[in-house]
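What follows is a short report on a single structure.
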Amino acid sequence: MSEGVCSRVAAIQMVSSHDIRANLAEAERLLAEAAGQGAGVAVLPENFAVLASSQMVDCGRKEAGPDPVIRAFLAEQARKLGIWIVGGSMPLAQRPDGSDIEARVRATCLVFDDQGIEVARYDKIHLFDAMVEDAHGQYRESDTFEPGEQVVTVDTPAGKLGLAICYDLRFPELFRALREQEADWVCLPSAFTWQTGDAHWHPLIRARAIENQVWVVAAGQGGQNSERRQTYGHSLICDPWGRVVTEIGEGPGVVSAELDPEQIANLRTRMPVWEHRRLS
């Protein structure tokens, strides 16, 4: 990140339903709001367009074909608004090497620049297979998704961005690897359950920011998405000292903040924890 340059980044919170067209219309509205706040980069939440597991494979196949709906939407919005868009996550039935996935899809985060060009792709590495004491009960992402394996960073107007998705937050080694690739900030598109979010969302985000001296921009689902699914929300931006500088509770909305490069540089100079590591 160039010293002396600040760039505003927005985290978009949604309450996506099982209606893909309605989700895209809501994403369009909120992206315009982010651009109106002066954001140069906007981060959408996990599953922003497609929420239902039953829709993932069919949608993922379409997105890998010649007439994708969600990819075209993201490219169009980025070009129209003149901003970079981190596309939360979406299903994609194709691996980065171009090979097709037969029975499952990948949970993919695509990054588009302000010309609408796809400049980065991250496939969610850690899949949420867990029992949660909510109306849904059991979550098994591995039934639908194939895990990714690549750690991904990309240069953006707000500095070098490290890509992560939701459950990845519980695995500090990924964030270490992103810092190894010189990430200045990390995005976290999410759909945390209400129970796990209420217990762990804030402490985990703050810990990842503090440990790696990076900004964390966490864009979540936040509300009653369906009869059986309630997500935690609390989309926020956390600075490298672990301070939450802006946050929204539940419901759709946008929060934004300037990611100050001098704050990172000063902190890493005053407290050079990266150079103090003794265990690899």
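Just so it is clear, the structure is predicted and the values come from calculations on it, not from any experiment.
The cluster map of Ile, Leu, Val, Met, Phe, Trp and Tyr, joined by side-chain heavy atoms under 4.5 Å apart, puts Val255 and Met14 in different clusters. Both Leu163 and Trp215 are members of a single hydrophobic cluster when ILVMFWY side chains are connected at heavy-atom separations under 4.5 Å. Cluster membership for Leu169 and Val152, using ILVMFWY side-chain heavy atoms within less than 4.5 angstrom, is shared. By the criterion of side-chain heavy atoms lying less than 4.5 angstrom apart, applied directly or through intervening Ile, Leu, Val, Met, Phe, Trp or Tyr residues, Val151 is not grouped with Leu92; the two fall into different hydrophobic clusters. Hydrophobic clustering of Ile, Leu, Val, Met, Phe, Trp and Tyr side chains at less than 4.5 Å, counting indirect connections, unites Leu110 with Leu30.
Put simply, CD on Glu258 and CD1 on Ile237 are 10.0 Å apart, with the number rounded to the nearest 0.5 Å. Distance OG/Ser7 to CH2/Trp84: 10.5 Å, rounded to 0.5 Å. Taken to the nearest 0.5 Å, the CZ atom of Phe145 stands 9.0 Å off from the CD1 atom of Ile165. Rounding to the nearest 0.5 Å gives a distance of 6.0 Å between CD1 of Ile20 and CD1 of Ile70. In this structure, the separation between CG on Leu74 and CD on Glu28 is 11.5 Å, given to the nearest 0.5 Å. Note that the CD atom of Gln94 and the CZ atom of Arg121 stand 7.0 Å from one another [nearest 0.5 Å].
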* To do: Would you check, one step at a time, whether the test salt bridge (charged side-chain N to carboxylate O under 4.0 Å, His left out) holds for Arg208 with Glu173?
  => CA-CA 10 Å; Arg208 299 295 90 85; Glu173 60 271 22; over 6 Å; no
* To do: Please report the C-alpha distance between Glu146 and Arg106 in whole Å, then the side-chain angles of each, then the deciding distance to 0.1 Å, and finally whether the salt bridge (charged side-chain N to carboxylate O under 4.0 Å, His left out) criterion is met.
  => CA-CA 5 Å; Glu146 175 184 276; Arg106 291 202 174 189; 2.8 Å; yes
* **Residue pair Val111, Ile85: steps toward the side chain to side chain contact (heavy atoms under 4.5 Å, CB included) verdict** => CA-CA 6 Å; Val111 180; Ile85 297 176; over 6 Å; no
* **Leu267/Ile264 under side chain to side chain contact (heavy atoms under 4.5 Å, CB included): CA gap, chis, key distance, verdict** => CA-CA 5 Å; Leu267 176 59; Ile264 295 178; 6.0 Å; no
* Asked: Could you go step by step and tell me if Gln224 and Arg229 meet the side chain to side chain contact (heavy atoms under 4.5 Å, CB included) rule?
  -> CA-CA 6 Å; Gln224 197 71 43; Arg229 187 162 188 181; 5.8 Å; no
* To do: Let me see the working for Glu211 and Arg176 under side chain to side chain contact (heavy atoms under 4.5 Å, CB included), right down to the final yes or no.
  => CA-CA 8 Å; Glu211 291 163 348; Arg176 281 304 209 211; 4.1 Å; yes
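No more than 12 heavy atoms of other residues, nucleotides or ligands shown are found within 6.0 angstrom of CZ on Arg21. Heavy atoms from other residues, nucleotides or ligands lying under 6.0 Å from CZ of Arg206 number 12 at most. Environment of CD in Glu102: sparse, with no more than 12 heavy atoms of neighbouring residues, nucleotides or ligands closer than 6.0 Å.
No side-chain donor from either of Asp19 and Ser17 sits under 3.5 Å from a side-chain acceptor of the other. Between the side chains of Asp123 and Gln150, no donor N or O sits under 3.5 Å from an acceptor N or O.
For the pair Val245/Leu236, no side-chain contact is recorded, criterion being any heavy-atom separation below 4.5 Å from C-beta on. Residues Val186 and Val217 fail the side-chain proximity criterion, which asks for heavy atoms closer than 4.5 Å. In this structure, Glu182 and Thr153 have side chains that are not in contact, with every pair of non-hydrogen atoms separated by 4.5 Å or more. Proximity of Pro45 to Gln13: side-chain heavy atoms (C-beta onward) are nowhere separated by under 4.5 Å. The closest side-chain heavy-atom distance from Val214 to Asp184 is not below 4.5 Å. With contacts defined as side-chain heavy-atom distances shorter than 4.5 Å, the pair Gln195/Gln230 does not qualify. The shortest distance between side-chain heavy atoms of Glu46 and Ser89 falls below 4.5 Å. The closest side-chain heavy-atom distance from Asp168 to Ile125 is below 4.5 Å.
A donor-acceptor pair under 3.5 Å links the side-chain atoms of Asn225 to the main chain of Ser16, judged by distance alone. Although no hydrogens or angles enter the test, the distance criterion places no donor-acceptor pair under 3.5 Å between the side chain of Asp67 and the main chain of Lys62. In terms of modelled atom types and a separation under 3.5 Å, the side chain of Thr108 and the main chain of Pro91 share no donor-acceptor contact. The main-chain N or O of Val69 is found under 3.5 Å from a side-chain atom of Glu63 such that the two form a donor-acceptor pair. Under the 3.5 Å distance criterion, the side-chain polar atoms of Asp198 are left unmatched by any main-chain donor or acceptor of Trp194. Under the 3.5 Å distance criterion, the side-chain polar atoms of Glu247 are left unmatched by any main-chain donor or acceptor of Ser235. Between the side chain of Gln181 and the main chain of Lys160, no donor-acceptor pair closer than 3.5 Å is present. A donor-acceptor pair is defined here as one N or O able to donate and one able to accept, closer than 3.5 Å; no such pair exists between the side chain of Ser190 and the backbone of Ala219. Thr269 contributes a side-chain N or O that, together with a main-chain N or O of Ala265, makes up a donor-acceptor pair within less than 3.5 Å. A donor-acceptor contact shorter than 3.5 Å is absent between the side chain of Asp114 and the backbone of Ile83.
Judged by a 6.0 Å distance limit and a 45° cone about the ring axis, Arg268 is not positioned over the six-membered ring of Trp274.
Between Glu141 and Arg104 there is no salt bridge, since no side-chain N of the basic residue sits under 4.0 Å from a carboxylate O of the acidic one. A salt bridge links Arg29 with Glu26: at least one charged nitrogen is closer than 4.0 Å to a carboxylate oxygen.
In this pair, Tyr167 and Phe171 present their aromatic rings perpendicular. The plane angle is above 60°, beyond the 30 to 60° band.
Closest heavy-atom contact between Cys166 and Leu188: N-CD1, 3.6 Å. Ala191 approaches Asn47 most closely through the heavy-atom pair CB-ND2, 4.5 Å. Nearest approach of Leu31 to Ala42, heavy atoms of both residues: CD2-CB, 3.8 Å. Between Phe48 and Gly87, the shortest heavy-atom contact is CE2-O, 3.4 Å. A pairwise comparison of heavy atoms in Ala158 and Val9 identifies CB-CG2, 3.5 Å as the closest pair. What you find for Tyr122 and Ala164 is that their closest heavy atoms are CE2-CA, 3.8 Å.
Partners of Phe73 by ring-ring contact (aromatic ring centres under 6.0 Å, His included), not counting sequence neighbours: none found.
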